[in-house]
Amino acid sequence: LILSGDREVLSITTLSLLVSGSATLLSCMWSIPISVGLSLRTFRAKRVVKGMFNALIGIPTVALGLVLYLVLSRSGPLGYFQLLYTPYGIMIGQSILVTPIVVSFSTSALESVDPELRSLARTLGASNLQTDSVVITEAFWGVVLAIMAAFNRAFAELGVAMMLGGNIRNVTRVLTTAIALETARGDIGLSIALTIILLAIAMSLSVLINLARKST
């Protein structure tokens, strides 16, 4: 199935990559700025906010899926947009799911940067924005690892994809939902092929990021 380039396998894999990749990028649009604010700014509720994001890392996917299902359903507040049972619905769900991962891991990476570097930048006359840029650059690979962890979480996620996508063939069927369906139907060969692809992609990304990190 893998070596012969089976159309269904390729379709499911491509959709999984597009949905999870887009969800991760979408999450980064708000997660990275939040991380910068949490790590480089001081405010009263800082510890509470950080603790909240850390706690949300372990949120059950089915619980989040149920909440978003109610929001996106026809009778829900966003039902007008008809996002339920579409790739966009899965994308939104996965982006919310991985937000705590990006925020928590990126914040830790930014906070691990030597404070003296920030002080040096300010001493040399750098503005707050320039100082933030220096810190972000120094913590670049830590932030990249956070984004990779978020992608792997979205890519291997089942609950949100099943509840918001409905596992519709050639429309919203991704690797995880397809594996669950084909296993239940007894098509173990297809399930194994999809599982091999799922693991291969996740592991390959980790290896490539680590190689790129060592080469710089």
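Because the structure is a prediction, the values reported are computed rather than measured.
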Problem - Over 12 non-hydrogen atoms of neighbours within 6.0 angstrom of OH in Tyr80 - result: no
Handout entry: Flag if over 12 foreign heavy atoms under 6.0 Å of CZ, Arg41
Key = yes
Gap between atom [atom2] of [Y] and atom [atom1] of [X] - 0.5 Å precision:
X      : Y      : atom1 : atom2 : result
Met162 : Asn167 : CE    : CG    : 5.0 Å
Leu158 : Thr176 : CG    : OG1   : 5.0 Å
Ser31  : Ile101 : OG    : CD1   : 10.0 Å
Leu190 : Glu182 : CG    : CD    : 4.5 Å
Ser16  : Ile90  : OG    : CD1   : 8.5 Å
Leu164 : Ile92  : CG    : CD1   : 8.5 Å

In terms of hydrophobic clusters joined by side-chain contacts under 4.5 Å, are [X] and [Y] together?
X      : Y      : result
Leu194 : Met203 : no
Met52  : Leu38  : yes
Leu208 : Leu145 : no
Leu18  : Leu175 : no
Val207 : Leu199 : no

Heavy-atom distance under 4.5 Å between the side chains of [X] and [Y], does that happen here?
X      : Y      : result
Leu83  : Leu78  : no
Glu8   : Ile12  : yes
Phe155 : Leu205 : no
Thr61  : Arg153 : yes
Arg173 : Leu181 : yes
Phe151 : Leu25  : no

Are any side-chain N or O atoms of [X] and backbone N or O atoms of [Y], one a donor and one an acceptor, separated by less than 3.5 Å?
X      : Y      : answer
Ser112 : Ala109 : yes
Thr183 : Ala180 : no
Thr195 : Ser191 : yes
Ser39  : Ser35  : yes
Gln94  : Val98  : no

If I compare all heavy atoms of [X] with all of [Y], which pair ends up nearest, and what's the gap?
X      : Y      : answer
Ala146 : Phe105 : CB-CB, 3.4 Å
Asn152 : Ser206 : ND2-OG, 3.8 Å
Ala150 : Val102 : CB-CG2, 3.4 Å
Leu110 : Ala139 : CD2-CB, 3.8 Å
Gly5   : Leu10  : O-CD1, 3.5 Å
Ser106 : Val143 : OG-CG1, 4.0 Å

Problem - Criterion side chain to side chain contact (heavy atoms under 4.5 Å, CB included) on Ile34 and Phe53, from CA distance to verdict - result: CA-CA 11 Å; Ile34 292 174; Phe53 278 110; 4.0 Å; yes
Exercise for the section: Check each of Val174, Ile201, Leu198, Ile2 against Thr13 using the side-chain contact (heavy atoms from CB on, under 4.5 Å) test, and report the only one that passes. Expected result: Ile201
Handout entry: Sole candidate of Thr99, Leu56, Ile57 that passes side-chain contact (heavy atoms from CB on, under 4.5 Å) when paired with Ser104
Key = Ile57
